Amino acid sequence: QVQLVESGGGLVQAGGSLRLSCAASGQNLRGYVMGWFRQRPGKEREFVSAINWSGGGTDYAASIKGRFTTSRDIAKNTVYLQMNSLKPEDTAVYSCAVDIEGKGTVDARAYVYWGQGTQVTVSS
């Protein structure tokens, strides 16, 4: 079992920045992929980014590429999502999740453990 707790969400003006954190506990994350997903109002959950816990390789959705960066701190067992140049359409509940097969898929169904999510609201 892996427990995930997100933090760092809030209200920000368009063009601003936020950094989300996802603290993991319960298991060593070696070989896993940590993903970030978001669910915008009235939309289905969508892939944002993923990071290979061991190697650090990353993948990003086209809609946020160049604006968002994911990273991890192995010592703190924490993954981050740095969000810059935020737009109103980035408003969503952001959740982190664990892919224990380590494939880094964009399909949310492959992720087994999920955090509770944190709200990000970008005002225009």
Side-chain angles (χ1 to χ4, degrees):
Q1 286 268 343
V2 179
Q3 291 78 45
L4 304 170
V5 178
E6 299 100 335
S7 61
L11 173 64
V12 64
Q13 286 189 330
S17 299
L18 280 175
R19 188 177 80 156
L20 305 184
S21 301
C22 173
S25 61
Q27 253 186 49
N28 190 306
L29 300 176
R30 189 182 299 118
Y32 294 172
V33 167
M34 304 294 292
W36 283 99
F37 289 79
R38 68 184 182 185
Q39 188 160 18
R40 294 184 281 181
K43 304 284 187 180
E44 292 189 355
R45 181 181 286 169
E46 62 179 336
F47 171 79
V48 174
S49 67
I51 184 166
N52 183 293
W53 187 260
S54 300
T58 56
D59 189 21
Y60 296 95
S63 61
I64 58 85
K65 210 165 189 175
R67 299 190 295 124
F68 292 10
T69 303
T70 189
S71 62
R72 88 274 193 239
D73 185 326
I74 294 176
K76 294 183 178 180
N77 240 31
T78 299
V79 64
Y80 302 99
L81 184 66
Q82 177 66 44
M83 306 185 293
N84 298 328
S85 302
L86 282 162
K87 305 175 181 179
E89 52 263 43
D90 293 319
T91 294
V93 175
Y94 285 74
S95 301
C96 62
V98 180
D99 168 13
I100 62 174
E101 294 190 3
K103 294 179 180 178
T105 176
V106 304
D107 187 344
R109 294 172 296 180
Y111 290 76
V112 176
Y113 303 111
W114 290 82
Q116 82 287 353
T118 185
Q119 176 70 46
V120 171
T121 303
V122 184
S123 63
S124 56

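Predicted model only: the values in this text are computed from it and were never measured.
- In plain terms, the two heavy atoms of S124 and P88 that are nearest each other are CB-CG, 3.8 Å.
- Counting only heavy atoms from C-beta outward, the side chains of S21 and E6 never approach each other to under 4.5 Å.
- Evaluation of the ring-ring contact (aromatic ring centres under 6.0 Å, His included) test over residues 57-110, restricted to residues two or more places apart or in two chains, returns none.
- Rounded to the nearest 0.5 angstrom, S54 OG and I74 CD1 are separated by 7.0 Å.
- Taken to the nearest 0.5 Å, the CH2 atom of W36 stands 8.0 Å off from the OG1 atom of T118.
- The nearest pair of heavy atoms linking D73 to W53 is O-CH2, 3.8 Å.
- Under the rule for a side chain to side chain contact (heavy atoms under 4.5 Å, CB included), the partners of D99 that lie at least two apart in sequence or sit in another chain are V33, E101, K103, T105, Y111.
- Here L29 contributes atom CG and M34 contributes atom CE; the two are 5.5 Å apart, rounded to the nearest 0.5 Å.
- Distance OG1/T69 to CD/Q82: 7.0 Å, rounded to 0.5 Å.
- Cluster partners of L11, using a side-chain heavy-atom cutoff of under 4.5 Å among ILVMFWY residues and allowing indirect links: none.
- Closest heavy-atom contact between A97 and L4: CA-CD1, 3.8 Å.
- For the pair V120 and M83, the minimum side-chain heavy-atom distance is below 4.5 Å.
- Members clustered with V5: none, using a 4.5 Å side-chain heavy-atom cutoff among hydrophobic residues.
- Scanning both residues, S95 and G117, for their nearest heavy atoms gives OG-CA, 3.5 Å.
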Chi angles and distances behind the side-chain contact (heavy atoms from CB on, under 4.5 Å) call for T91, E89 = CA-CA 5 Å; T91 294; E89 52 263 43; over 6 Å; no
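- Under a hydrophobic clustering in which Ile, Leu, Val, Met, Phe, Trp and Tyr are joined whenever their side-chain heavy atoms come within less than 4.5 Å, directly or via other members, V2 and L81 fall into the same cluster.
- Here W114 pairs with F37 under the ring-ring contact (aromatic ring centres under 6.0 Å, His included) rule; sequence neighbours left out.
- We find the OG1-CD1 distance between T70 and I51 to be 5.0 Å, quoted to the nearest 0.5 Å.
- N84 and S17 form a side-chain donor-acceptor contact under 3.5 Å, judged by distance and modelled atom types alone.
- Here the side chains of Q27 and V98 are not in contact, with every heavy-atom distance at 4.5 Å or above.
- In the hydrophobic cluster analysis, where Ile, Leu, Val, Met, Phe, Trp and Tyr join through side-chain heavy atoms closer than 4.5 angstrom, V12 is grouped together with L20.
- Interatomic distance, L86 CG to S123 OG, rounded to the nearest 0.5 Å: 10.0 Å.
- Here the closest heavy-atom approach between residue L18 and residue G8 is recorded as CD2-O, 3.8 Å.
- Counting non-hydrogen atoms of other residues, nucleotides and ligands closer than 6.0 Å to CD of Q116 gives a total above 12.
- Note on residues 27-54: pairs passing salt bridge (Lys or Arg N to Asp or Glu O under 4.0 Å), not counting sequence neighbours, are R38-E46, R38-D90, R40-E46.
- V106 and V48 fall into different hydrophobic clusters, where Ile, Leu, Val, Met, Phe, Trp and Tyr side chains are chained together by heavy-atom contacts under 4.5 Å.
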Step-by-step side-chain contact (heavy atoms from CB on, under 4.5 Å) determination, R72 to T78 | CA-CA 6 Å; R72 88 274 193 239; T78 299; over 6 Å; no
